[in-house]
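So the structure is just underneath, and the comments pick up after that.
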Amino acid sequence: MMIKISERLNSLVKYIHSEDKVMDVGCDHAILDIYLVQTGTLRTIYVGDVNPNALANGKENIEKYELGSNIFPILSYGIEKINEIDVDTIVISGMGSKNIIDILSSPNLDRVFKLVLQSNNNHNDLRRFLASKNFRIFAEEIIEDGKKTYVNILAGRDSVAVSYTDKELEFGPLLIVNPDNLIYFEKLLRSYERIYYASHSEDTRKKITYLEEIIENLKKGID
Ligand SMILES: C[S@@+](CC[C@H](N)C(=O)[O-])C[C@H]1O[C@@H](n2cnc3c(N)ncnc32)[C@H](O)[C@@H]1O
C-alpha cells in the first residue's frame, strides 16, 4: 500500500536523487521518507526529530509500511548526530526559517553538501544564512498551501564565495527571473503597498521598488 503524500511534500521529491545520503530532520510522521523509499528514489534514509512523540508517529508509520530495514529513526536535535552516520544531504521541511537556520548553525554542517529546504516564512533570512555558509541556490519554487506560502530551496555547497544582491536575497535569485511567479509577485506588491500605506516605513518602500522592477522585468520576458 502506497502512503498518501500532500502536494507540499511531494514538491520536494524531485530534488532528491538515489545517490544522496539523506537525513530528514524534523520528520514527524515520516511521510516524505516512506514515499521516497516506496517510489524507489532512495533505498535507505535517516529520519530525525527532537520530539519523542513526533518520532513515535514516524516509527509507527515505518512499521505500518514495513520499512524498518530502510528507514532509520533517530531522536536528535537538528543535525547534532550526523557525525555518527553516513549523510551528505539534509532535508528540512514544513518549518520557519528561524528554526531551519538554528538547525543548520551546527559545526556538523561541514559534513553536508546538499540541502533541500522548505520554509514557510522569512525566506530572505534563510537565503542570507545560506550565502554566508557558501551554499548556492540551484533551484527555488513557491508552494502555496492553504494560507501558508512555502519556498522550496535546493542548495549546494560551493567552493567559491556565494554572494547575492539585496534584491535577490529578499525575493529569491531564481524566483525573480521565473515568469511563472508573476502573479505571486503582483500579489506581494499589493500587500506591501497596504503595509506602506499604514507604516510609511523606508524598508517597505525599498521592497516595493524591488517588486516593481521584478514585475516589469518578468512582464518584458513574457511579452
Ligand atoms: C511542522 S512539523 C513538519 C513535519 C514534516 N517535516 C513536514 O514537512 O510535514 C515540524 C517537526 O520538526 C520537529 N523539529 C522542530 N525543531 C526541530 C529540531 N531542532 N530538531 C529536530 N526536529 C525538530 C518538530 O518536532 C516537528 O515534528
Side-chain angles (χ1 to χ4, degrees), residues 2-17 20-39 41-42 44-65 67 70-112 114-123 125-127 129-130 132-133 135 137 139-155:
M2 282 290 286
I3 196 162
K4 280 205 178 70
I5 187 166
S6 65
E7 278 184 37
R8 171 181 68 80
L9 282 174
N10 199 11
S11 68
L12 295 168
V13 170
K14 60 184 168 296
Y15 302 120
I16 299 159
H17 303 118
D20 297 333
K21 298 171 183 171
V22 183
M23 179 168 184
D24 178 10
V25 176
C27 63
D28 198 1
H29 289 84
I31 292 171
L32 172 66
D33 318 293
I34 291 170
Y35 187 79
L36 286 168
V37 173
Q38 283 188 325
T39 52
T41 306
L42 294 175
T44 60
I45 182 166
Y46 291 94
V47 298
D49 207 292
V50 71
N51 177 343
N53 296 328
L55 198 68
N57 293 333
K59 283 180 179 166
E60 201 176 300
N61 267 338
I62 294 164
E63 258 173 51
K64 178 175 162 191
Y65 290 91
L67 293 175
N70 307 81
I71 306 180
F72 310 117
I74 302 176
L75 184 66
S76 67
Y77 186 92
I79 57 174
E80 67 174 358
K81 293 199 178 150
I82 64 165
N83 50 331
E84 298 167 19
I85 53 181
D86 190 18
V87 159
D88 61 13
T89 300
I90 297 296
V91 176
I92 307 176
S93 67
M95 292 187 208
S97 289
K98 192 166 179 287
N99 208 8
I100 296 175
I101 292 168
D102 174 58
I103 289 169
L104 297 177
S105 295
S106 153
N108 280 348
L109 186 63
D110 289 350
R111 300 170 173 271
V112 177
K114 175 172 167 179
L115 294 169
V116 178
L117 307 174
Q118 184 183 69
S119 156
N120 58 25
N121 62 21
N122 301 328
H123 309 121
D125 290 339
L126 184 54
R127 292 187 195 99
F129 172 82
L130 292 175
S132 77
K133 298 289 177 187
F135 274 87
I137 296 174
E140 247 183 329
E141 178 186 17
I142 294 161
I143 303 291
E144 312 258 21
D145 185 37
K147 283 192 175 158
K148 285 192 175 162
T149 300
Y150 293 85
V151 170
N152 289 347
I153 294 180
L154 168 68

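Positions are given from 1 along the sequence. Both counts, for ligands and for their atoms, begin at 1 and track the order of listing.
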Point to revise | Non-neighbouring partners of F135 that pass ring-ring contact (aromatic ring centres under 6.0 Å, His included), sequence neighbours left out | key: none
Review point. Does K98 NZ have over 12 foreign heavy atoms under 6.0 Å away?
Key: no
Practice item. Just grab all the ring pair (Phe, Tyr, Trp, His ring centres under 6.0 Å) pairs involving residues 87-109, residues at least two apart or on different chains. Key: none
When you pair each N or O of ligand 1 with protein N or O atoms, which pairs come out under 3.5 Å?
{"from": "ligand 1", "atom 1": "6 (N)", "to": "G26", "atom 2": "O", "distance (Å)": "2.8"}
{"from": "ligand 1", "atom 1": "6 (N)", "to": "S93", "atom 2": "O", "distance (Å)": "3.0"}
{"from": "ligand 1", "atom 1": "6 (N)", "to": "S93", "atom 2": "OG", "distance (Å)": "3.0"}
{"from": "ligand 1", "atom 1": "8 (O)", "to": "R8", "atom 2": "NH1", "distance (Å)": "2.9"}
{"from": "ligand 1", "atom 1": "8 (O)", "to": "S93", "atom 2": "O", "distance (Å)": "3.2"}
{"from": "ligand 1", "atom 1": "8 (O)", "to": "S93", "atom 2": "OG", "distance (Å)": "2.6"}
{"from": "ligand 1", "atom 1": "9 (O)", "to": "R8", "atom 2": "NH2", "distance (Å)": "2.8"}
{"from": "ligand 1", "atom 1": "16 (N)", "to": "N99", "atom 2": "ND2", "distance (Å)": "3.2"}
{"from": "ligand 1", "atom 1": "20 (N)", "to": "G78", "atom 2": "N", "distance (Å)": "2.8"}
{"from": "ligand 1", "atom 1": "22 (N)", "to": "V50", "atom 2": "N", "distance (Å)": "3.2"}
{"from": "ligand 1", "atom 1": "25 (O)", "to": "D49", "atom 2": "OD1", "distance (Å)": "2.6"}
{"from": "ligand 1", "atom 1": "27 (O)", "to": "D49", "atom 2": "OD1", "distance (Å)": "3.4"}
{"from": "ligand 1", "atom 1": "27 (O)", "to": "D49", "atom 2": "OD2", "distance (Å)": "2.7"}

Check your understanding: Which residues satisfy the ring-ring contact (aromatic ring centres under 6.0 Å, His included) test with Y77, sequence neighbours excluded?
Key -> none
Check your understanding: Going by distance alone, is a donor N or O of one side chain under 3.5 Å from an acceptor N or O of the other, for Y15 and E141?
Key -> yes
Exercise for review: Using atom types as modelled and distance alone, determine if a side-chain donor or acceptor of N108 lies under 3.5 Å from a backbone N or O of I79.
Suggested key: yes
